[in-house]
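Here is the naming used below: chain letters follow the sequence lines, and residue numbers restart at 1 for every chain.
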Amino acid sequence: MAPPKVLMVAEKPSIALSIASSISGGQMHSRKGSTDVHEFEGMFIGLPAYFKVTSVIGHVFSVDFPAKYQDWSATDPIDLFQAPIQKTEANPKEKIYALKLSSVLVFKQMMLEERFHRARFSSVTGKDILKAMNCLVEPNKCEALAVDARQEIDLKVGVAFTRYQTGYFQGKYGDLDSRVISYGPCQTPTLGFCVQRYLQITTFKPEKFWALRPHIMVDGYELQLEWERHRLFDMDVALMFQKLVLQDRILEVTDMSEKQESKGRPPGLNTVNLLKIASSALGFGPQMAMQLAERLYIQGFISYPRTESTAYPSSFDFKGTLGALANNPMWGDYVQGLLSDGYHKPQSGTDAGDHPPITPMRSANEDMLERDAWRLYQYVCQHFLGTVSPNCKYIRTKVEFSIGGEFFHCIGLHVTVKGFTSIMPWLAVSEKNLPQFAKGDKIEVSKVELFEGQTAPPDYLSESELISLMEKNGIGTDASISAHINNICERNYVQVQAGRKLVPTALGITLIRGYQCIDPDLCLPDIRGFIEQQINLVAKGEADHSCVVQHVLEQFKQKYSYFVKQIDNMDALFEAQFSPLADSGRALSKCGKCLRYMKYISSQPSRLYCGTCEEVYYLPQKGTIKLYKELTCPLDNFELLIFSMAGPEGKSFPLCPFCYNSPPFEGIDTLFGVSKTGSSGKLGKGTGMPCFLCPHPTCRHSLIAQGVCACPECNGTLVLDPISAPKWRLYCNMCNCLVLLPQGAHRIATTRERCPECDSTIIEVDFNKNTTPLEGGATLHSGCILCDDLLHSLVEVKHGKSFFKRAGRWARARGRGGHRGRGRGLGKMDPKMSFRDF
DNA sequence: GCAAGGTC
């Protein structure tokens, strides 16, 4: 009988590899794939078995709302609290779910008796993995339910608040960048920390203080003494003490003490501490630091870089790790010293039960790595060597003096053992020599300075300080901290300035001040703690999953209702900070209703605002917009605009601001950039009907007038780009297909005529007289770009970049709608056939 | 377009 089969699925590929290596003793066969599979024969519960070890990649499932709730304008955010949720594949591209499901099924069929176990190890080390295999436990459903609970709560709370406040403030103020004004139980308290520091700085009231600083001359050196009172905030009192001291003039040494002190070596390096050092000492942001670390890990220079543990496992091979660095040109001598004199057992640290601390795995020198990677690697090495080095020891001498009834002192520091500070020199204790004193010595003061100083506010919060605060308050995890910081930067709530200091923006400050005046809980770190604590009850099996979720959501729903009710208070702060629409923007084009100029507001989302009609017209985003020759839309009299998408191959197209926001014709089921959702009939911002989708029969800018022929790539229509001269071109109104027309022509225009053979629009080309291909120097030529031999030889199909990200989906959406809007008969021919010669 | 948390 074939040996029983054992399938093991780890949480990530690195752990699958560790498990397989440990159980098989390195004797396994590894198959590459979306996730690697390691196969080998071994022993399972005392019996021979055939193992397959693979992994998922992070969470298999994410959650989201069903389609019905995806339309922002059709859903009241308060309904989201009770909305159903769907599990979706977290990484559909990786096909993890499908692959694992099928392999589990295959395994089930192969196994005579199916059983599920969980190997729960306390660290990713061979010893602990083997130990776990010998005491397998049941999978813990409570822990899985706790993960579900967190996903549901985070989704509903975050999305409800985000949609509400975005909808409320978007488009209300001209100089407010408000594409999305997000809220989240992690990102908002993170922002809160930055703003709290900002408020400390701005509300700081400096105070003057005074300190007595007697100076003495000993052996030709001047020494300044420190006052036991440190400093006083009353000048008259300080002056009085100065007078007393000056009257006495003689200092007496009252006491001398020597103390052996020690500065401890660091514990092992975990991810959070790596990120803090990377930010404060190397100037790398957390994302950059993790990318570098990831690369160093893949190249085998350092161990797995995502860990919370600072304690080394008892089985850690210090000798081997030191040995790997023994010949390093940078630290070789130091390492050999440690190996011969005996390295020290590291400080205990904390064991989070995951990977061991981050350590070097093999030696590298400066030339083998890129500059930044080298600097990070260097730190990992120095830190590791620091952890196994002796502590730094020094003697602290304190000499105490009295004069005029006041007491002063000076401190001397003498390092006896440099220890780990010789490999981490920035942590060194600086030597401070004192002259010889003896108790009872009497010394004349040379000068008694009355130092005047001022208390100063703290600096902006550094990224490194923020990471510490987040860690301390349980905001985010080692894996997500950097994502939250990145988030508040991208949302334009804070900016990273020199020295990686986080400076909140007007938007960030106003938001936090708003929460503070409506419901401070919303931006306090405890909000995360509350959620985590509730979820913990589920994980430990002490409370029912759905009861906890309902309870937490009910609380947040009440907070949400109160927030909505009180939003005016927040808005008052916005009003004070940002300019109302009417005051911002520049006059761009005329409104078709009142015939006055509307203002263009360039901050996101860019839009037009008619001050007379008090109407906002959204525009396509991420490009430039200008007036189109003062032409007007025949339907509504609004002046037309030309929008040019960013980039060298960015298309340009005309649009009417009114039609763009309120498509005038029935049957336009797809809009620029997205399908129009039937139920609500409202437009997403930045989504609408440009002229190239307009079926107006006579307007010269419509699809009918500017459409030339069917797109060879999709169901769309190729349209003349009206301002592409002299690089004339057609672009598809649906996909990113691009067709270059005769270059350098003076003018190219569509005509009202159709090709008798293929029904394409006849175009008229006015060639440049110097480069005209026509005989006898003629410049004017009309024809069909498909059937006219001359024109056909002068056009070229190209693919523009990023016209639409998802051209395929777009084309399908149009396909369902038939050939509507494609002009008279343009859709009849087989588009691929018509471009067969290209 | 929206959260957070996994990992790549």
**OP:** Output the single nucleotide from dG5(B), dT7(B), dG1(B) whose closest atom is nearest the side chain of Ser480(A).
**Re:** dG5(B)
Original post:
Can a side chain N or O of His484(A) be found less than 4.0 Å away from OP1 or OP2 on dG5(B)?
Top reply: yes
Subject >> Contact under 4.0 Å: Ser62(A) side-chain N or O vs dG6(B) OP1/OP2 >> reply: no
Original post:
dG1(B), dA3(B), dG6(B): which one has an atom nearest the side-chain heavy atoms of Arg491(A)?
Top reply: dA3(B)
Subject >> Short N-O contact, Asp148(A) and Lys87(A), less than 4.0 angstrom >> reply: yes
Original post:
From the list dG6(B), dC2(B), dC8(B), which nucleotide is the closest neighbour of the side chain of Ile57(A)?
Top reply: dC8(B)
Original post:
Which of these passes side chain to side chain contact (heavy atoms under 4.5 Å, CB included) with Ile181(A): Arg163(A), Gln165(A), Gln170(A)?
Top reply: Gln165(A)
**OP:** Go through the side-chain N and O atoms of Thr310(A) and Thr350(A) and say whether any donor and acceptor fall under 3.5 Å apart.
**Re:** yes
**OP:** Check every strand shown and say whether Tyr297(A) touches a base, only sugar-phosphate, or nothing at a heavy-atom separation below 4.0 Å.
**Re:** nothing
Original post:
On DNA chain B, nearest-nucleotide positions of Pro13(A) versus Pro189(A): which is more 5'?
Top reply: Pro189(A)
**OP:** Quickly work out the Asp36(A) CG to dC8(B) C1' distance and round it to whole Å.
**Re:** 13 Å
Subject >> Asp154(A) and Arg528(A) ion-paired at < 4.0 Å >> reply: yes
Original post:
Which residue, Arg306(A) or Lys156(A), contacts DNA chain B at a nucleotide closer to its 5' end, judged by nearest heavy atom?
Top reply: Lys156(A)
Original post:
Can you check the Leu155(A) CG to dA4(B) P distance for me, whole Å?
Top reply: 11 Å
Subject >> Nearest to side-chain heavy atoms of Trp72(A), which nucleotide of dG5(B), dG1(B), dA3(B) >> reply: dG1(B)
Subject >> Tyr183(A)-dA3(B) aromatic stacking (under 5.5 Å, under 30°) >> reply: no
Subject >> Euclidean distance, atom CD1 of residue Ile153(A) to atom C1' of dC2(B) [Å, nearest integer] >> reply: 17 Å
Subject >> Among dG1(B), dG5(B), dA3(B), the one nearest Asn487(A) by side-chain distance >> reply: dA3(B)
Original post:
Hey, does the side chain of Thr162(A) come within less than 4.0 Å of dC2(B)'s phosphate (OP1/OP2), counting only N and O?
Top reply: no
Original post:
Given dA3(B), is OP1 or OP2 found less than 4.0 Å from the side-chain N or O atoms of Tyr164(A)?
Top reply: no
Original post:
In whole Å, what is the span from the CD atom of Glu490(A) to the C1' atom of dG1(B)?
Top reply: 13 Å
Original post:
Would you say a side-chain N or O of Arg528(A) is under 4.0 Å from OP1 or OP2 of dA4(B)?
Top reply: no
**OP:** Look at the side chain of Glu294(A) and the base of dC8(B), then say whether one donor and one acceptor between them are separated by less than 3.5 Å.
**Re:** no
**OP:** Please state whether the phosphate of dA3(B), meaning OP1 or OP2, lies under 4.0 angstrom from any side-chain nitrogen or oxygen of Gln187(A).
**Re:** yes
Original post:
Considering only dG5(B), dG1(B), dA3(B), which nucleotide approaches the side chain of Cys186(A) most closely?
Top reply: dG5(B)
**OP:** Provide, to the nearest angstrom, the distance between the NZ atom belonging to Lys12(A) and the P atom belonging to dG5(B).
**Re:** 15 Å
**OP:** Indicate, yes or no, whether a donor-acceptor pair under 3.5 Å links the base of dG6(B) to the side chain of Gln151(A).
**Re:** no
**OP:** Would you classify Asp64(A) as touching base, sugar-phosphate or nothing, given that sugar-phosphate means primed atoms plus P, OP1 and OP2, and contacts are heavy atoms under 4.0 Å?
**Re:** base
Original post:
When Ile567(A) is tested against each of Tyr164(A), Tyr562(A), Phe574(A) for side chain to side chain contact (heavy atoms under 4.5 Å, CB included), which residue passes?
Top reply: Tyr164(A)
**OP:** Measure the distance from OH on Tyr168(A) to C1' on dG1(B) and round it to the nearest whole Å.
**Re:** 21 Å
Original post:
Where the side chain of Ala479(A) is concerned, which of dA4(B), dC2(B), dT7(B) is the nearest nucleotide?
Top reply: dT7(B)
Original post:
In whole Å, what is the span from the CZ atom of Arg179(A) to the P atom of dC2(B)?
Top reply: 10 Å
Original post:
Using a distance-only test with no angle check, is there a side-chain donor-acceptor pair under 3.5 angstrom linking Thr35(A) and Thr54(A)?
Top reply: yes
**OP:** Would you indicate whether Arg513(A), at its atom CZ, is surrounded by more than 12 heavy atoms from other residues, nucleotides or ligands within a distance under 6.0 Å?
**Re:** no
Subject >> Gap between atoms CG and C1', on Leu17(A) and dT7(B) respectively (whole Å) >> reply: 16 Å
Original post:
Looking across every strand, which nucleic acid part, if any, lies under 4.0 Å from Val63(A) by heavy atom: base, sugar-phosphate, or nothing?
Top reply: base
